[in-house]
Amino acid sequence: QVQLIESGGGLVQAGGSLRLSCAASGRTFSNYPMGWFRQAPGKQREFVAAIRRSGISSYADSAKGRFTISRDNAKNTVYLQMNSLKPEDTAVYYCAAHRTPDYRGSAPENFASWGQGTQVTVSS
């Protein structure tokens, strides 16, 4: 029973940067991996990044080297720093809590408590 609220999206030129935030309610935030996903119009939701309880992170190939996921357990917040943005990054970005304390993979079905999403638009 976790509520997630994303923020930080907007319009940016190619090559620019954005920092997304995901604020979570709940007292067990630190016990679960967290993830970022994105969905473009007409396309399926795809994995972007995840971070485990230990702080170890995983990235989609499209994000590796450009995006960084982090978490601040004291603030119940997950971040996604996005650099060198490309038009292909345009999508609604969602954060979600993993269903179990131990990470079971990046598939969307392994996550629950999705946020409402924040729009990221990258112009060329």
Side-chain angles (χ1 to χ4, degrees):
Q1 299 180 10
V2 178
Q3 182 179 357
L4 305 174
I5 302 176
E6 301 95 335
S7 62
L11 176 63
V12 65
Q13 290 182 281
S17 299
L18 285 173
R19 189 193 192 201
L20 306 184
S21 298
C22 175
S25 63
R27 300 183 185 276
T28 60
F29 171 82
S30 63
N31 292 330
Y32 292 87
M34 299 291 294
W36 284 98
F37 295 76
R38 67 188 184 188
Q39 187 168 24
K43 296 185 177 181
Q44 292 186 324
R45 189 167 300 186
E46 66 175 351
F47 170 76
V48 177
I51 185 166
R52 297 157 176 78
R53 294 181 295 159
S54 64
I56 296 174
S57 59
S58 300
Y59 298 94
D61 288 342
S62 61
K64 190 174 183 179
R66 299 188 298 124
F67 295 1
T68 303
I69 187 172
S70 61
R71 67 192 298 163
D72 187 336
N73 290 335
K75 297 181 179 179
N76 283 0
T77 302
V78 181
Y79 304 96
L80 184 68
Q81 178 66 47
M82 304 187 295
N83 299 326
S84 301
L85 283 163
K86 305 174 181 179
E88 306 92 90
D89 297 318
T90 295
V92 177
Y93 283 70
Y94 301 89
C95 67
H98 202 76
R99 292 184 181 271
T100 56
D102 292 328
Y103 192 60
R104 295 183 177 180
S106 61
E109 54 263 36
N110 289 328
F111 292 81
S113 301
W114 299 89
Q116 86 285 357
T118 185
Q119 176 70 48
V120 172
T121 303
V122 184
S123 62
S124 59

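Closest heavy-atom contact between T77 and S21: CG2-CB, 4.4 Å. What you find for Y59 and A49 is that their closest heavy atoms are CD2-CB, 3.6 Å. When all heavy atoms are compared, the tightest approach of A96 to A112 is CB-O, 3.6 Å. Nearest heavy atoms, P101 versus P33: O-CD, 3.2 Å. For A91 against A40, the heavy-atom pair with the smallest separation is CB-N, 3.9 Å. Residues V122 and T90 come closest through the heavy atom pair N-OG1, 2.9 Å.
Using modelled atom types, one side-chain atom of E6 and one backbone atom of C95 make a donor-acceptor pair closer than 3.5 Å.
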Worksheet item: side chain to side chain contact (heavy atoms under 4.5 Å, CB included) between R99 and N110: does it pass, once the steps are laid out?
Response: CA-CA 6 Å; R99 292 184 181 271; N110 289 328; 5.6 Å; no
Practice prompt. Begin from the C-alpha positions of Q39 and E46 and carry the test side chain to side chain contact (heavy atoms under 4.5 Å, CB included) through to its verdict.
Written response: CA-CA 6 Å; Q39 187 168 24; E46 66 175 351; over 6 Å; no
Discussion item. Does T118 form a side chain to side chain contact (heavy atoms under 4.5 Å, CB included) with V92? I'd like the steps, not just the answer.
Written reply: CA-CA 5 Å; T118 185; V92 177; over 6 Å; no
Discussion item. Go through it in stages, so that I can follow the logic: the residues are R45 and R38, the test is side chain to side chain contact (heavy atoms under 4.5 Å, CB included), and I'd like the CA-CA distance, side-chain angles, deciding distance and then a yes or no.
Written reply: CA-CA 6 Å; R45 189 167 300 186; R38 67 188 184 188; over 6 Å; no
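A perpendicular orientation is assigned to the rings of F111 and Y103, their planes being inclined by more than 60° (bins at 30° and 60°).
For the atom pair F67 CZ and S57 OG, the distance stands at 13.5 Å (nearest 0.5 Å). Rounding to the nearest 0.5 angstrom, the gap separating the CE atom in M82 from the CZ atom in R66 is 9.0 Å. Considering CG of L20 and OG of S7, their distance stands at 8.0 Å, rounded to 0.5 Å.
Applying the ring pair (Phe, Tyr, Trp, His ring centres under 6.0 Å) criterion to Y94, with sequence neighbours excluded, gives no partner residue.
In the hydrophobic clustering of ILVMFWY residues, with side-chain heavy atoms under 4.5 Å counting as a link, F37 and V120 come out apart. V78 and Y93 end up in the same hydrophobic cluster when Ile, Leu, Val, Met, Phe, Trp and Tyr side chains are linked at under 4.5 Å.
You'll find the side chain of C22 stays beyond 4.5 Å of the side chain of Y79, heavy atoms only. Using a 4.5 Å heavy-atom cutoff, the side chains of I51 and I56 are not in contact. The shortest distance between side-chain heavy atoms of R71 and M34 falls below 4.5 Å. In this structure, I5 and Q116 have side chains that are in contact, with non-hydrogen atoms separated by less than 4.5 Å.
Salt-bridge formation is not detected for the pair R52/D102: no Lys NZ or Arg NE/NH1/NH2 atom is positioned less than 4.0 Å from an Asp or Glu carboxylate oxygen.
With no hydrogens or angles considered, a side-chain donor-acceptor pair links S17 and N83 at under 3.5 Å.
You'll find the ring centres of F47 and W36 outside the 6.0 Å limit.
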